[in-house]
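In what follows, a structure is listed as structure tokens, so that the remarks can point back to it.
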Amino acid sequence: MSHAIRLEQLKKTYANGTEALKGIDLQVEQGDFFALLGPNGAGKSTAIGILSSLVRKTSGRVEVFGHDLDREPQEVKRHIGLVPQDFNFNQWEPVEEIIINQAGYYGIPRRQAYGKTKRVLKELDLWGKRRAQARSLSGGMKRRLMIARALVHEPPLMILDEPTAGVDIEIRRSMWAFMEEINRAGTTIILTTHYLEEAENLCRSIAIIDDGRIVENSSMQALLHRLHRQAFLLTLRQPIQTLPGDAPVRLRIQDEYTLEAVLEQEQTLNSLFGWLNAQGMEVLSMRNKQNRLEQFFLDRVRKKKAEAA
Amino acid sequence: MSNWQRYRIAYFTIVIKEVLRFARIWVQTILPSAIMTSLYFLIFGALIGERIGEMDGYSYQSFIVPGLILMAVITNSYANTVSSFFQAKYQRHVEELIIAPVPNWIILGGYVTGGVARGLVVGAVVTGVTLYFANVGVKHPLLTILVVVLTSILFSLAGFINAVFAKSFDDISIIPTFVLTPLTYLGGVFYSISLLPAFWQKLSLANPVLYMINAFRYGILGVSDIRPETALLLIVGFILVLGSVALWLLHKGVGIKN
Ligand SMILES: Nc1ncnc2c1ncn2[C@@H]1O[C@H](COP(=O)(O)OP(=O)(O)OP(=O)(O)O)[C@@H](O)[C@H]1O
Ligand SMILES: [Mg+2]
């Protein structure tokens, strides 16, 4: 029972014939912080929809905390808190009532529900808005409302489908801190996002899904370690016009103060800096050209496109 | 905590939510029926009714009381579930219920109770209005209550099924306009079918609403065109059929699941 979820050969074909999932095998450990990534239309929301009973699977097996979705659907539901990709609350209802009702659906007695509602609304900084109609909230507040709603029954598994889409950086940071906190406290988290930096920083495991198939599934560390190429941008003290031809790594002048260096897996920064020293070139600062996971992601997608071509 | 306790809490949560919904928009949900009934009384009761004379031994004004009350109950029970559940689908907050461990019969029970609550509240308001115009006692109180509650359940179920199939706002007004209204108006709200020629009398008997209105009139006035037992059996039969259909639709996820 150490898995929060287990998917076996999960398939989904929509009524219009779209094969959204083509046989997915996936396991998420209890307590994990799991990134489910993939390009638009890959099938992430479909998989999440099946887990949360919103979408009917075509075939395959789903197990949540040891409970089979077909045999014990209510047990499965009890274990999951869902933050869906699209807003799905009653726009006319006051914030507080939305949360209290959701608590009621999970069988939490009303008096307790008030207390829990107060707690989650405070945690997500919405307490001041508790009497406001949901439609009057800003986009970021609506996202937080859905997080609060998903938390009210204290599920051991939180599934968040692009919770930070369209949220400003300050609130996004507070959401990250919040997710890390509940994860530390034992909640398993499955997160989808198109901000790969976010996934890289938060998640310990990762699956990439593309065109209805899992194309990558490993720990974040192992995956980043496998990156075969990294690009850096170096800021120079003195301008340069031309480069000597004997550099140990691939170099390109981006502008007269900026060098782009591309390191293959076996190449080191030491060799590059040794060479720069020898040339008398002073480096003021350095940064990754792309976030590392982004690099991996793009490489993966490019490779697939190249194979297809 | 046992499942039963959880389900009871979920059920009452839905009911409270439903009652708050129609109470909040009472100008749209409760007031129109009160105004319409007042107009009927003003026109049929005070102006035209005087000329009509007695019907089944009652003044015309008194005769139309049961029909007007039940008509309001039917319309409002139906309207409540059809609009509330369709909105839940349309705004997608029905998903809040689907992802939660709530069995379908609790969802259905909650929505139907909401419809009955509105039907009875409006029924009570309309009764209040009629008391102002006509002074009518209740001959068989128990039967009266039984008929009004069962009828309300039946039309709440019908509204729910309509909402399941509805894809647009047009779809939730088609049945009320083209089926429900004609059936109630031709169901003997304003007349006893003994006034009709034989053929139309027979045809009227095919209208289920006729049975409900007559049973209700029997409860209040003690007069009816049909036997109240037949009416009760018919209503219960319809409830069982529509209830099963609604549960089956929820089970299949028609209109709400991919
Ligand atoms: N209700 C539906 N009916 C038919 N096809 C659908 C439906 N929902 C999704 N699809 C299709 O299934 C595929 C997977 O969609 P899904 O929403 O799961 O992707 P996603 O990975 O969540 O994408 P995004 O990052 O854009 O949210 C897409 O081709 C989509 O068009
Ligand atoms: Mg999606």
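Lettering follows sequence order; numbering is per chain, from 1. Excluded from the calculations below are hydrogen atoms, water molecules and symmetry mates; all remaining heavy atoms, backbone and side chain alike, are included.
A 4.5 Å side-chain heavy-atom check between A:I98 and B:E96 finds at least one atom pair inside the cut-off. Counting heavy atoms from C-beta on, the side chains of B:R6 and A:Q74 never come closer than 4.5 Å. Within the 4.5 Å cutoff, no side-chain heavy atoms of B:I9 are placed close to those of A:Y106. The shortest side-chain heavy-atom distance between B:I16 and A:R110 falls under the 4.5 Å cut-off.
Of the atoms belonging to A:P155, not a single heavy atom falls under 4.5 Å from chain B. Heavy-atom distances place no part of B:F12 under 4.5 Å from chain A, backbone and side chain included. Proximity to chain B is absent for every atom of A:E75, based on heavy atoms less than 4.5 angstrom apart. Heavy atoms of B:R24 lying under 4.5 Å from chain A belong exclusively to its side chain. In this structure, chain A has no heavy atom under 4.5 Å from any part of B:I107. Only the side chain of A:Y14 comes within contact range of chain B, judged by heavy atoms closer than 4.5 Å. Contacts of A:I108 with chain B are made by backbone atoms alone, with heavy-atom separations under 4.5 Å and no side-chain atom involved. When heavy atoms are compared at a cutoff of 4.5 Å, A:Q102 approaches chain B solely by way of its side chain, counted from C-beta outward.
By the 6.0 Å contact criterion, NZ on A:K129 is open, its count of non-hydrogen atoms from other residues, nucleotides or ligands being 12 or less. Atom CZ of B:F41 has more than 12 neighbouring heavy atoms from other residues, nucleotides or ligands inside a 6.0 Å radius. Counting non-hydrogen atoms of neighbouring residues, nucleotides and ligands closer than 6.0 angstrom, the OH atom of B:Y90 reaches no more than 12 such neighbours. Few gaps surround CH2 on A:W127; more than 12 heavy atoms of other groups in view lie less than 6.0 Å from it. Heavy atoms from other residues, nucleotides or ligands lying under 6.0 Å from NZ of B:K89 number more than 12. Enclosure of atom CG in B:L142 is not indicated, since only 12 or fewer non-hydrogen atoms of other residues, nucleotides or ligands lie within 6.0 angstrom.
A:K77 places no side-chain N or O within donor-acceptor distance of the main-chain N or O of B:V102, the cut-off being under 3.5 Å. A donor-acceptor contact shorter than 3.5 Å links the side chain of A:R56 to the backbone of B:K252.
Of the listed residues A:A15, A:P109, A:A113, the one with more heavy-atom pairs under 4.5 angstrom with chain B than any other is A:P109. Annotation: maximal heavy-atom pairing with chain A below 4.5 Å, among B:A10, B:G253, B:P101, occurs at B:P101.
Just one residue in the list B:K257, B:R92, B:E95 forms a side chain to side chain contact (heavy atoms under 4.5 Å, CB included) with A:L54, and that residue is B:E95.
Atom CZ of residue A:R149 and atom CD1 of residue B:I99 lie 6.0 Å apart, to the nearest 0.5 angstrom. Note: A:Y105 OH to B:L97 CG = 4.5 Å, rounded to the nearest 0.5 Å. B:Q91 contributes atom CD, which lies 13.0 Å from atom CZ of A:F87 (distance to the nearest 0.5 angstrom). Rounded to the nearest 0.5 angstrom, B:R21 CZ and A:N90 CG are separated by 9.0 Å.
Among all heavy-atom pairs drawn from A:E97 and B:L20, the shortest one is OE1-CD1, 3.8 Å.
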